[in-house]
Amino acid sequence: MLIPNKFIKLEYDPAKDVLYFRWPDFYEYAVPELKYVLKSITDTIKSYDIKYLIIDASKSVISISDPLYVEVTTQFSIDLKFTRLKKSARIIDDITLREAQVKEIKAKAGLVLETKSFKTYNEALEWLLSNEMPEHSVTEEQHLDL
């Protein structure tokens, strides 16, 4: 199911309670818009009382300074603290690329949300649902229509 949003495509699977979205590209000139988009995502998570989140950052362009990136994503993490998310998975190309920053951001935000990085959607989904449905196996057909 697509959740209406003017700026980003949010895909929600109510049966699994999983929200999926592609991490937006980050450019210096668009930081106010980025903050607005990320805030709208956390508002959606609150409104639908979503428990699991998959962020696909595998094709995202990050073209802003590290301090500004940390600032924007720290605020997103702080906003996530006020949701009822149980787990968050990230899909990224190089798992080691931003791990140090992610740890720093989680610490700054005081975020205790369980998060993990993966290379594929299916790996991320399987991990998210592993505690809820231990017998669940993810197949290609079960993938959200991306």
Where do Leu125 and Ile54 land on the side chain to side chain contact (heavy atoms under 4.5 Å, CB included) test, with the steps shown first?
CA-CA 8 Å; Leu125 183 62; Ile54 298 178; 4.2 Å; yes
How far apart are the C-alpha atoms of Leu53 and Ile45, what are their side-chain angles, what is the distance that settles it, and do they pass the side chain to side chain contact (heavy atoms under 4.5 Å, CB included) test?
CA-CA 9 Å; Leu53 177 65; Ile45 292 168; 4.1 Å; yes
CA sep, side-chain torsions, deciding dist, call: Trp127, Glu114, side chain to side chain contact (heavy atoms under 4.5 Å, CB included):
CA-CA 11 Å; Trp127 175 76; Glu114 192 175 358; 3.6 Å; yes
Could you go through Tyr27 and Leu34, starting from their C-alpha distance and side-chain angles, then the distance that decides it, and tell me whether this counts as side chain to side chain contact (heavy atoms under 4.5 Å, CB included)?
CA-CA 9 Å; Tyr27 296 102; Leu34 286 169; over 6 Å; no
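Separating the CG atom in Leu80 from the NZ atom in Lys46 is a distance of 9.0 Å, to the nearest 0.5 Å. Taken from CG in Asp66 to CD in Glu71, the straight-line distance is 13.0 Å, to the nearest 0.5 Å. Distance check: Ser60 OG to Phe26 CZ gives 8.0 Å after rounding to the nearest 0.5 Å. Atoms CZ and CD1, on Phe118 and Ile92 in that order, are 10.5 Å from each other to the nearest 0.5 Å. One finds the OG atom of Ser117 at 10.0 Å from the CD1 atom of Ile91 (value rounded to the nearest 0.5 Å). Atom-to-atom distance recorded for Ser88:OG and Leu128:CG is 7.5 Å, nearest 0.5 angstrom.
If you check the side chains of Asp17 and Tyr12, you find a donor sitting under 3.5 Å from an acceptor. No side-chain donor-acceptor contact under 3.5 Å links Tyr121 and Asp56.
Not one N or O on the side chain of Lys87 forms a donor-acceptor pair closer than 3.5 Å with the backbone of Thr115. A donor-acceptor pair under 3.5 Å is absent between the side-chain atoms of Ser47 and the main chain of Thr44, judged by distance alone. Between the side chain of Asp25 and the backbone N or O of Val61 there is at least one donor-acceptor pair closer than 3.5 Å. Side-chain N or O atoms of Lys86 include none that pairs as donor or acceptor with a backbone N or O of Arg84 at under 3.5 Å. Not a single donor-acceptor pair under 3.5 Å links the side chain of Asp79 to the backbone N or O of Thr42. Using a distance-only test at 3.5 Å, with no hydrogens or angles considered, a donor-acceptor pair links the side chain of Glu123 to the main chain of Lys119.
Salt-bridge check for Glu11 with Arg22: failed, with every basic side-chain N at 4.0 Å or more from each acidic carboxylate O.
Val72 places a side-chain heavy atom less than 4.5 Å from the side chain of Lys35. Looking only at side-chain heavy atoms (C-beta outward), Leu129 and Lys16 come within less than 4.5 Å of each other. Side-chain contact check for Ile50 versus Thr83: every heavy-atom pair is 4.5 Å or farther apart. At a threshold of 4.5 Å between non-hydrogen side-chain atoms, the residues Tyr69 and Ile62 count as touching.
Aromatic ring pairs are classed by plane angle as parallel below 30°, tilted from 30° to 60° and perpendicular above 60°; the pair Trp23 and Phe21 is tilted.
Annotation for Tyr36: atom OH does not count as buried by contact number, only 12 or fewer foreign heavy atoms lying within 6.0 Å.
Contact between Asp93 and Ser58 at its shortest, heavy atoms only, is OD2-O, 2.7 Å. Taking all atoms of both residues into account, the shortest heavy-atom contact from Phe82 to Ile78 is CD1-O, 3.2 Å.
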